[in-house]
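Throughout, protein chains are lettered first and strands after them, A, B, ... in sequence-line order, and every chain is numbered starting at 1.
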Amino acid sequence: MDKYEIPPDAESRLPSNDKVTGRAARFLLGRYKIWPIISHLLDKTVPHYRHSYWYNMGGILLFLFSVQVITGILLMIYYRPAEPWLSVQRIVMEVPFGNIIRSVHHWSANLMVLTIFLHMFSTFFMKAYRPPREFTWLTGLGLAALTLLFGFSGYLLPWDDLSFFATRVGISEIDKAPFIGGWLGDLARGGPDVTLDTIGRFYVLHVTVLPLLILGLISAHLLFIQIQGMSETDSFTALPPEKKKYSKFFSDYLFGEIPVWLALSALLIALAAAFPRELMPEADPFASAPEGIKPEWYFLSQFQLLKLFPGSIELLGLVILGLVPLSFLVLPFIDRSIPADSRGRVILKLGIVAVLGLTAFTIWGWLS
Amino acid sequence: MNYPVWDVPFLGGGLVVAIIAIIHILISHLAIGGGAFLFVAEFWAKKQSNGNLIREWLHRYTKYFLIYTTIFGAITGVGIWFSIQLANPEATSLLIHQFVFVWATEWVMFLGELTVLYLYFYGWGKNSQNMQILLAGAYFVIAWFSLFLINGILTFMLTPGGWSLTDTDIAAGFFNPGFLPSLFIRTLVMFILGGIFGIIVATRVKENGEFRKKIIYFCAKWVIPAAIIIPFLLLWFWTTLPDNAVTLVKGGTVGVAGGKLEAITRYFWLAIISGGLILISVIVAVIRPQAISTGGAIAIFLIAQFGIMGGEFFREMSRKPFVIYDTLYSNGLWKKNTADENYMKSSYLEKARWDTPVEPLSLHHGETIFRLQCVGCHTRDGYRSINTRTADWSGEFGYRWLSTMHETGVMPPFQGSDEDRAALSAYLISAHDKTTTAREILDSARKEETKDTLSVPAVPAENNGGAK
């Protein structure tokens, strides 16, 4: 039975052979020559300073995504795309703990979208998108887009009044896109109207296509981070060496994140207990939309912005709306200086405007 | 109806009490658990070789502890007093009159524990170590006794035991069936909180090696055993719950907001799961003491807040529809009056002391009934929304439902005349732009009743007396 020899520096860094972890590690390394990868991971550190808490955001997102996968799989056991509303009603009214699992799925989705914004803006303000981390930023933007798509596709699945009309209004915005809008809208709906065919498409998107895409992007995103290590802000880099503190990612930092994830779990159960997700009456495509129908909160800012450009100037609204993600996409290629130069500082200030604008439009959309 | 109604839009008076109380329970239980913690820690420090370092850490613990518990504990404690007498003056009056010396003694305990705590903290470095141990111990005993007293009153509300309005046996009411399990559970919860707070303070220690490990191991001993024992005590507490509450909890977590009180089951699970999460997180702290940050330790404390939210909501909901079980309903109706059909069916507004003159069968009539009889537990479109619950009602359905709502097990019987019922139903459906008037509802209902009476077939002559 040929085995590989354990590298000498591995012998010194691994736990001793009388520990289970030591024996398991040697078993693995004797069969797979992966010590360079493992030693690289063991060397990974996280800067320890006043902005360190923002580094938690990524882990929180991964945790919330895991909650979505687990609760989503449980919901899939009882959800029937051919009888969407009835199956959700059964989940909520009959299936033991169905009510809690559905509500946790709903709240975890909302928290995940909120955390995506926190993560995106914190990495923006820490300027973590600068070289060599351009593709970490770009894959992150892709992940944000996929998360919003997850939210949009999942929202329709209960097929109640709220989800039906919110989806119809949402896709009608896609129709407005020039040239391909109508075609894209029909593709999304499976026809000119939102029907059970739309459920078929959204369900497949939500449980198969988007999960495959997001798992791919998460893997790429995490791979880039593991290879390059954590980014450091200009303020941390400028510190004298003796003041620079680091903690080891495996396993000190990781263990430190666990209480935060557990507190998030408690928060999710508390939200599910206090604010269970309601099931409105079954969708009636022939009824008129409920008054004041609005999309979910994370689409409110875009919705409100588009409302400012009605009728003939709606194309202008779409262009302005499109400029926002475009500016995020090109960001790593226009703000490259480390430490930040004057262009970098201007971009930082524009970022503050963007956050304030996003918040203001969301609140405005909520109130109107 | 003997008192004015505290009509808080969206939240409702009861929820205001709940929010203040849930925050207070975390603080007050830490206040007592921390006392035990300090007492034992003082002994422990005496035996350690680096006792001085430990006592420095205890000093820091006491500083944060004193600020958090005395300031916020006092604010929220008084907040409870302020809000309960607004939310339910009838019940507050009963509790004060029955347990007046218990309340008085409790306040003496508050004064005592504050005094001793200040002597302990400000005497640091000046008092001898033995004096400090004595003060810490005295603080814990006095504080724990304040729990002992309030626990009697709180558990009395849910399980009055041998007490009744006719035989006001105070001792039986105080030492009621729920008293002991609740006392033990709360004491263990306090130990857990004292331990978690210790972990928070440990993360502020700059040294991150053997010393921090030692303190965190000490703190973990306050959490892990207690977290394992509490489920068994909960089983004991379970046996003392009213049958109604047990049935509702066993009903499961089905249903959406509105209708059944299945929220009670959800809060029950919140409490249990939070306890489990605290256990796991403290085990993580034991495995990697150097890894826990202040944020992480505060996160564990937050889990405890959610657990308390679950437990206290569960306890309160177990008591519905009563505020004093089997004695006083939450809306001011005394159980003893429900047997008197004349009383129950007579005009409600003639009995209510705090109403305004209304035009009979008007929307104002219905609104006044709603405010006086329903607002104790419901809001219009906020917490436990009545608008959500009556969305599908017709006036006639509402009129009939109100006469049988006590059969749900979570509602009091309706008190008032047929006119009151019709007026209330018309008011409730008016929120959904339904314009059936109270007069129409009443006429329709009376027509139905007459039809029912007329449709009873006459007994055939040959069956009369069995004569052939």
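Both the backbone and the side chain of F255(A) come within contact range of chain B, judged by heavy atoms closer than 4.5 Å. Residue contact with chain B, scored on non-hydrogen atoms closer than 4.5 Å, involves the side chain of I258(A) exclusively. Both the backbone and the side chain of S265(A) come within contact range of chain B, each with at least one heavy atom under 4.5 Å from a heavy atom of that chain. For A274(A), the parts lying under 4.5 angstrom from a heavy atom of chain B are both the backbone and the side chain. For I287(B), the part lying near chain A is the side chain, with the backbone staying farther off; criterion is any non-hydrogen pair under 4.5 Å. Only the side chain of I273(B) comes within less than 4.5 Å of a heavy atom of chain A; its backbone N, CA, C and O stay farther away. The contact between L267(A) and chain B is made by backbone and side chain atoms together, counting heavy-atom distances below 4.5 Å.
Other residues, nucleotides and ligands contribute only 12 or fewer heavy atoms inside 6.0 Å of the CZ atom of F275(A). Applying the 6.0 Å contact sphere to OH of Y78(A) captures no more than 12 heavy atoms from other residues, nucleotides or ligands. A 6.0 Å sphere centred on CH2 of W366(A) holds no more than 12 heavy atoms belonging to other residues, nucleotides or ligands. Heavy atoms of other residues, nucleotides or ligands lying less than 6.0 angstrom from NE2 of H48(A) number 12 at most. Few gaps surround NZ on K44(A); more than 12 heavy atoms of other groups in view lie less than 6.0 Å from it. In the displayed structure, N17(A) atom CG is contacted under 6.0 Å by more than 12 heavy atoms of other residues, nucleotides or ligands. In this structure, R204(B) places its CZ atom where only 12 or fewer heavy-atom neighbours from other residues, nucleotides or ligands lie under 6.0 Å away. Around the NZ atom of K214(B), the shell of radius 6.0 Å holds more than 12 heavy atoms that belong to other residues, nucleotides or ligands.
The shortest heavy-atom contact between G296(B) and P259(A) is O-CB, 3.4 Å. Scanning all heavy atoms of the two residues, the minimum distance from A263(A) to A299(B) falls at CB-O, 3.5 Å. Residue A266(A) comes nearest to I303(B) through the heavy atom pair CB-CG2, 4.0 Å, listed as atom of the first residue, atom of the second, then distance.
In this structure, OG on S293(B) lies 9.5 Å from CD on E257(A), to the nearest 0.5 angstrom. Taking OG from S103(A) and CZ from R266(B), the interatomic distance works out to 7.0 Å, rounded to the nearest 0.5 Å. For the atom pair CG (L262(A)) and CG (L302(B)), the distance works out to 12.0 Å, reported to the nearest 0.5 Å. Atom CG of L271(A) sits about 7.0 Å away from atom CZ of F306(B), to the nearest 0.5 Å.
Ranked by heavy-atom pairs under 4.5 Å with chain B, the list S52(A), S251(A), S247(A) is led by S251(A).
Within the structure, salt bridge (Lys or Arg N to Asp or Glu O under 4.0 Å) pairs that include any residue of residues 285-298 of chain B comprise D252(A)-R288(B) (at least two apart or interchain).
For F236(A), the ring-ring contact (aromatic ring centres under 6.0 Å, His included) test picks out Y49(A), Y246(A), with sequence neighbours left out.
The shortest side-chain heavy-atom distance between Y53(A) and T294(B) falls under the 4.5 Å cut-off.
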